[in-house]
J.: 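For reference, the structure I am asking about is given below.
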Amino acid sequence: MRFHPPASGLDLDRCLFSGQVFRWERERVVPPVPGAFREDDDVRYRGVDGEHWFEITRPEERLIVETNGSEGDFARLFRLDADVEEIARKIVAAAPEMARAIESQPGLRMMRPSDPVEVFFSFLCTANNHLKRIMPMVRKLAEYGEPIGTTPFRRFPRTQVIASTPESELRAKGFGYRGATIPYAAQVAMIRGGDDWIRSLREVGYEEARRELVSIKGIGNKLADCICLYGLHYDEAVPIDTHLWQAACRTFFPEHTGKPLTELRYRQVGEFFRDRFGDLASWAHLYLYFDHMGQ
DNA sequence: TACGGACCTTTC
DNA sequence: AAAGGTCCGT
């Protein structure tokens, strides 16, 4: 089907290529013309969320979405129900220091992917890695998935498929040591119940889900929080990596600047965000993180 | 608890 | 050298 979603407060580049989701493509509909006024509009985004594919174009500033899903599926993925203006107001009210970080990232939204299995394995690709390499890796994993209908799009493979993929095969595809950790984590997940187990973590609460995840070798604090946030939809999860740690030190804890992020400090920073921002802890972290990345 | 190294590979 | 870490030794 085809529809026009509201486009205000939604920056597709910021949302789709910022490391919240990893499988989207951006291509030019027509070759760029030097100095052309509309070159930013002449793009097409293609991607998959769960069992739905999406093609998004924006001629004339207006979004056109084609999909095998519904308008509701699109709205859920981009959280169009969330009032970003109000969220920004609440965050700034709780922390005036955040005003500049929020203003610097218009159209950035917390994504809400529908397939927790894809999120689980995508973030296993991100450890000690960079986005330029992460995205091709996630796409390679997705090649193990089933095509969606007769389209070139594929659903992300199920846990069982990843669990039975040999380490050597992934290493040959450039996964490095993650060629071992990814199938291993899949095997542990299979023992606990596979896809259903991963999905069931949405029902057990943030603390319990997090405990389960970090008990898997290869998933530490940061990956567990990413999976909790993007895959399991726990908005109180605050993934803290080196960049957010630096940004948090600069903005909130100048006395910690330059110190390493220990287990203890990891917990303290997460609690700080939850105390200060409540349900908006992860939104606050998102703005701070990407503001810092842009520096 | 906290600190140092190792870990695959690619990219800046 | 560092990358959106994590594990394993001290």
Side-chain angles (χ1 to χ4, degrees), chain A residues 13-24 101 105 108-111 113 118-141 162 165-189 210-231 237-251 253 255-271 273 281-295:
Chain A
D13 289 302
R14 279 212 168 92
C15 292
L16 298 175
F17 302 102
S18 54
Q20 305 187 71
V21 292
F22 303 95
R23 265 215 285 163
W24 286 71
Q105 302 292 323
L108 176 63
R109 308 181 74 93
M110 186 69 84
M111 299 289 289
E118 172 158 357
V119 173
F120 182 94
F121 292 107
S122 293
F123 278 98
L124 277 165
C125 296
T126 69
N128 189 24
N129 209 350
H130 50 271
L131 206 50
K132 277 279 165 40
R133 188 176 165 219
I134 293 166
M135 298 202 350
M137 284 170 64
V138 175
R139 292 192 181 115
K140 284 174 192 169
L141 285 181
I162 307 270
T165 302
E167 170 183 345
S168 56
E169 192 170 306
L170 292 178
R171 279 186 181 268
K173 294 184 181 195
F175 280 68
Y177 59 80
R178 298 172 203 80
T181 58
I182 289 170
Y184 172 81
Q187 288 156 18
V188 175
R210 193 177 193 294
R211 242 191 321 276
E212 288 277 341
L213 289 169
V214 297
S215 73
I216 298 175
K217 191 171 62 175
I219 300 181
N221 284 327
K222 194 268 181 182
L223 296 195
D225 276 326
C226 285
I227 295 166
C228 280
L229 177 56
Y230 293 107
V238 180
I240 302 162
D241 55 33
T242 53
H243 297 288
L244 185 72
W245 171 238
Q246 289 172 27
C249 287
R250 195 182 60 183
T251 309
F253 321 112
E255 69 278 16
H256 286 313
T257 303
K259 294 182 181 173
L261 179 59
T262 63
E263 172 86 26
L264 180 60
R265 293 196 188 110
Y266 190 102
R267 283 201 299 270
Q268 289 172 339
V269 174
E271 284 309 306
F273 272 80
S282 57
W283 283 83
H285 121 280
L286 191 70
Y287 289 117
L288 196 57
Y289 177 78
F290 287 111
D291 174 57
H292 186 265
M293 291 299 286
Q295 298 302 302

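Lettering follows sequence order; numbering is per chain, from 1.
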J.: Indicate, with a heavy-atom threshold strictly under 4.0 Å, whether Leu223(A) touches base, sugar-phosphate, or nothing.
T.: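 Sugar-phosphate: the residue Leu223(A), judged by heavy atoms under 4.0 Å, touches backbone atoms but no base.
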
J.: Once you round it to whole Å, what is the distance between P of dG4(B) and CG of Leu261(A)?
T.: 15 Å

J.: Could you tell me how far apart Ile227(A) (CD1) and dG5(C) (P) are, to the nearest whole angstrom?
T.: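 Those two atoms, CD1 and P, are 14 Å apart.
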
J.: For a quick test of reading the model: is some side-chain N or O of Thr242(A) closer than 4.0 Å to OP1 or OP2 of dG5(C)?
T.: yes

J.: Answer yes or no: is there a donor N or O on one side and an acceptor on the other, between the side chain of Arg139(A) and the main chain of Trp24(A), under 3.5 Å?
T.: yes

J.: For Gly19(A), which contact category applies under a 4.0 Å heavy-atom criterion: base, sugar-phosphate, or nothing?
T.: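 Counting heavy atoms under 4.0 Å across all strands, the contact made by Gly19(A) includes a base.
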
J.: Compare the minimum distances between each of dC3(B), dG4(C), dG5(C) and the side chain of Tyr177(A), then state the nucleotide with the smallest one.
T.: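 Among the listed nucleotides, the one closest to the side chain of Tyr177(A) is dG5(C).
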
J.: Please report the distance separating the P of dA6(B) from the corresponding atom of dA1(C), rounded so that it comes out in whole Å.
T.: 14 Å

J.: Rounding to an integer number of angstrom, what distance separates dA2(C) and dG4(B) when you compare their P atoms?
T.: 15 Å

J.: With both distances under 3.5 angstrom, what nucleotide forms a Watson-Crick or G-U wobble pair with dC3(B)?
T.: dG9(C)

J.: What interatomic distance, in whole Å, is found between P of dC7(C) and the corresponding atom of dT10(B)?
T.: 24 Å

J.: Hey, which sits more toward the 5' end of DNA chain C by its nearest nucleotide, Val214(A) or Gln246(A)?
T.: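 By nearest-heavy-atom nucleotide position, the 5'-most residue is Gln246(A).
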
J.: Using purine N1 to pyrimidine N3 plus N6-O4 or O6-N4 for Watson-Crick, or N1-O2 and O6-N3 for G-U wobble, each under 3.5 Å, what pairs with dG4(C)?
T.: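 Base-paired to nothing in any strand shown.
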
J.: Please determine which of Met110(A), Gln105(A), Met111(A) meets the side-chain contact (heavy atoms from CB on, under 4.5 Å) test together with Leu108(A).
T.: Gln105(A)

J.: Tell me if the side-chain of Arg178(A) makes a donor-acceptor pair with the base of dC7(B), cut-off 3.5 Å, by modelled atom types.
T.: no

J.: Using atom CG of Asp225(A) as one end and atom C1' of dG5(C) as the other, report the distance to the nearest whole Å.
T.: 13 Å

J.: Nearest-nucleotide wise, let me know which of Asn129(A) and Lys132(A) is further upstream toward the 5' end of DNA chain B.
T.: Asn129(A)

J.: Over all strands shown, is Ile216(A) touching base, sugar-phosphate only, or nothing at heavy-atom distances under 4.0 angstrom?
T.: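 If one applies the 4.0 Å heavy-atom cut-off, Ile216(A) turns out to touch the sugar-phosphate alone, with no base involved.
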
J.: Does a salt bridge link Arg267(A) with Glu271(A), judged by any charged N lying under 4.0 Å from a carboxylate O?
T.: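 Here Arg267(A) does not pair with Glu271(A) in a salt bridge, since their nearest N and O are not under 4.0 Å apart.
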
J.: NA contact type, Ile219(A), heavy-atom cut-off 4.0 Å: base, sugar-phosphate, or nothing?
T.: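 Sugar-phosphate contact only - Ile219(A) comes under 4.0 Å of backbone atoms but never of a base.
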
J.: Checking Val269(A) against Phe253(A) for the side chain to side chain contact (heavy atoms under 4.5 Å, CB included) test, could you report, in this order, the C-alpha distance in whole Å, the side-chain angles of both residues, the deciding distance, and whether it holds?
T.: CA-CA 9 Å; Val269(A) 174; Phe253(A) 321 112; 4.0 Å; yes

J.: Output the distance between atom OH (Tyr184(A)) and atom CG (Leu124(A)), rounded to the nearest 0.5 Å.
T.: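 Nearest 0.5 Å value for the OH-CG distance: 12.0 Å.
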
J.: Please check the phosphate of dC8(B) (OP1 and OP2 only) for any side-chain N or O of Arg171(A) closer than 4.0 Å.
T.: yes

J.: For dT1(B), take OP1 and OP2 only and decide whether either is under 4.0 Å from a side-chain N or O of Thr262(A).
T.: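 Checking dT1(B) against Thr262(A), no side-chain N or O comes under 4.0 Å of OP1 or OP2.
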
J.: Take atom CD of Gln268(A) and atom C1' of dT1(B), then tell me their distance rounded to the nearest Å.
T.: 12 Å

J.: Counting the atoms with a prime plus P, OP1 and OP2 as sugar-phosphate, which does Pro260(A) contact under 4.0 Å by heavy atoms, base, sugar-phosphate, or nothing?
T.: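 Sugar-phosphate, backbone atoms only, no base.
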
J.: Using a cut-off of less than 4.0 Å, is there contact between a side-chain N or O of His243(A) and OP1 or OP2 of dG4(C)?
T.: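 For His243(A), the contact criterion (side-chain N or O under 4.0 Å from OP1 or OP2 of dG4(C)) is met.
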
J.: Would you say the base of dT9(B) and the side-chain of Arg133(A) have a donor-acceptor pair closer than 3.5 Å?
T.: yes

J.: Rounding to an integer number of Å, can you tell me how far Tyr287(A) OH sits from dG4(C) C1'?
T.: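 In whole Å, dG4(C) C1' and Tyr287(A) OH are 19 Å from each other.
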
J.: Between P on dA2(B) and CG on Leu264(A), what's the gap in Å once rounded to a whole number?
T.: 5 Å

